[in-house]
There are 2 protein chains.
Amino acid sequence: MRADAQKNYDHLLAIARDVFTEQGVDASLRDVARRAGVGLGTLYRHFPTREALLEALLRASFDELTAKAKESETSNSPAEALVSWLRDVVTVAHSPRGVVASMAAAIADENSALHASCVTMKAAGARLLVRAQASGLARSDLEGADLFALVGALAWIHDQPSLAPRADYLFRLIAGAILTSRSRNDAECD
Amino acid sequence: MRADAQKNYDHLLAIARDVFTEQGVDASLRDVARRAGVGLGTLYRHFPTREALLEALLRASFDELTAKAKESETSNSPAEALVSWLRDVVTVAHSPRGVVASMAAAIADENSALHASCVTMKAAGARLLVRAQASGLARSDLEGADLFALVGALAWIHDQPSLAPRADYLFRLIAGAILTSRSRNDAECD
DNA sequence: ACCTGAACACCGTTCAAGT
DNA sequence: ACCTGAACACCGTTCAAGT
C-alpha cells in the first residue's frame, strides 16, 4: 500500500472507532469520511462495506477472544473457564452499540466480512462448552449456537439504556442456567 | 373524526401492518403512505411519530397481555401462570421484527407514545412474579424490570434468523432459571 | 495508484397551498 | 377539517474525472 493510502486507512479506522463508539454501529459513514477529512470514495475504497470496516475495527478483539478460549482449554476449572470467557465475549459484543446484530447476521452470511472471525470465535467457545459438558459441569442439551445466542441476548440487554443496570445480574442468572448444579456444589451428590 | 379521515386512518393502519410485518419496524414510512395511496402529510397527521403508529398497531395486543396477566393472578399455579404469560409476551415482542427495541426505549422515555402500554404491561407481569415469589416458586432476587429484560433478550433472539431455530429451547432454559427448583419438584423439600 | 466529490436514488420531517 | 406534495436536510453507493 502506498504511504499516503496507508495513512488514510489508519486515520479512517481511528475516526471510525470514535464515531461508532459515540453513535453506535449504524452511524453515518459520510460522517466518518467527513471527520477524517477524506473523500467519501476513499472510505469506500478501503472499506467496501460497513462490515469490512467493523471487521478491521474488531479483528484484534476477536483474535484475543479466540486465543483466550484456547488457553482456557487447559485450565483446571472448565466451568469457570467457560463463564469467564462468556463474560469477555459479552463485553466485546456490546461495544460499539449494535454490533451484536452485525455479528449474528455475519454468522449466517458467508459473504460478510465479519463471517470468518465470528465463526472462528463461536467454534472456540463451543469447545469450552463441550469440555465443561464432558465433566458434567454444563447442561448437556446446550449447543454451540446457543452460547452465541445467549451472548447476543446479554449484549442486547447491555445496549438498552433502561436495561443495562441489571445486565450483570442477568449474566449471572444465565450463567447459572448454563452450568449444572454439580458445578456449583461438587459435594452434593458424591 | 370526519368520515374520509377515518377511512384514511384505518387504511393506513392496515397497510402499515403489512409493511412492518414484511420489513420490520424500521420500514420506510414513505413506503407506507405510498402503498396506502395517501399523501405523506396524511400519514404524519394521523401518526405524528413512528411510535404513535406502532402504538395504534399494538395496543390491542398489549391490552390482551395485561388482561391475561390479571386473570392468571387467581389461577392455582403461580409458576405456570408466569411462564405462560412470558411466552405470550415474547410472541408479541418479536412481531413485527425489531419492535422489542422500541418497547425497551419506550419504557425509559415518558414522552413515547408506547410508554403507557409498555409500563402497564410490565407492571402486570411484575405482579405475576411477586405472586410466584411469595409461594417460593420464583427466584426472590428477580425484579420486575428483569422480566422485561429477559423477554426482550428472547425476542431479540427470535429476530435473528440464524438464532431463531433455538429460541424455544432457550425460552425454556431461561424460564427454568427464573423458577426455583421447588416449583419444578414440590415434593423435594417437604 | 489513489483520491475527490458530483450524481443518483432513497429517507424523515415540515409546511404552504389547495379542497 | 383534512389532504397533498414540494422542499429541506440528510443518507448509502457508484463512478467519471482528476493527480
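Naming convention: chains lettered A, B, ... in sequence-line order (proteins, then strands); numbering from 1 in each chain.
Listed in residue order, the members of residues 28-44 of chain A having a heavy atom less than 4.0 Å from DNA chain C are A:Arg30, A:Val38, A:Gly39, A:Leu40, A:Gly41, A:Thr42. Heavy-atom distances under 4.0 Å link DNA chain C to A:Ala5, A:Asn8 of residues 5-17 of chain A, given in residue order.
Aromatic ring orientation, B:His46 versus B:Tyr9: perpendicular (interplanar angle above 60°, classes split at 30° and 60°).
Salt bridge status for A:Asp4 with A:Lys7: absent, with no side-chain N to carboxylate O gap under 4.0 Å.
Among the protein residues, B:Ala27 comes within range of the sugar-phosphate backbone only, with heavy atoms under 4.0 Å from sugar or phosphate atoms but none that close to a base. Within 4.0 Å (heavy atoms only), B:Arg45 reaches at least one base atom of the nucleic acid.
Atoms CZ (A:Phe47) and P (D:dG12) sit 15 Å apart, rounded to a whole Å. Rounded to whole angstrom, the span from the CG atom of A:Asp26 across to the P atom of D:dC10 amounts to 18 Å.
For the pair A:His46 and C:dC2, the criterion of a side-chain N or O lying under 4.0 Å from OP1 or OP2 is not met.
Distance check, rounded to the nearest 0.5 Å: OG1 of A:Thr66 to CZ of A:Phe62 gives 8.5 Å.
When atom types are taken as modelled, the side chain of A:Thr180 and the backbone of A:Arg139 share no donor-acceptor pair closer than 3.5 angstrom.
Consecutive pairing runs in DNA chain C reach the stem threshold at C:4-8 with D:12-16, C:12-16 with D:4-8, where a stem means at least three Watson-Crick or G-U wobble pairs with distances under 3.5 Å.
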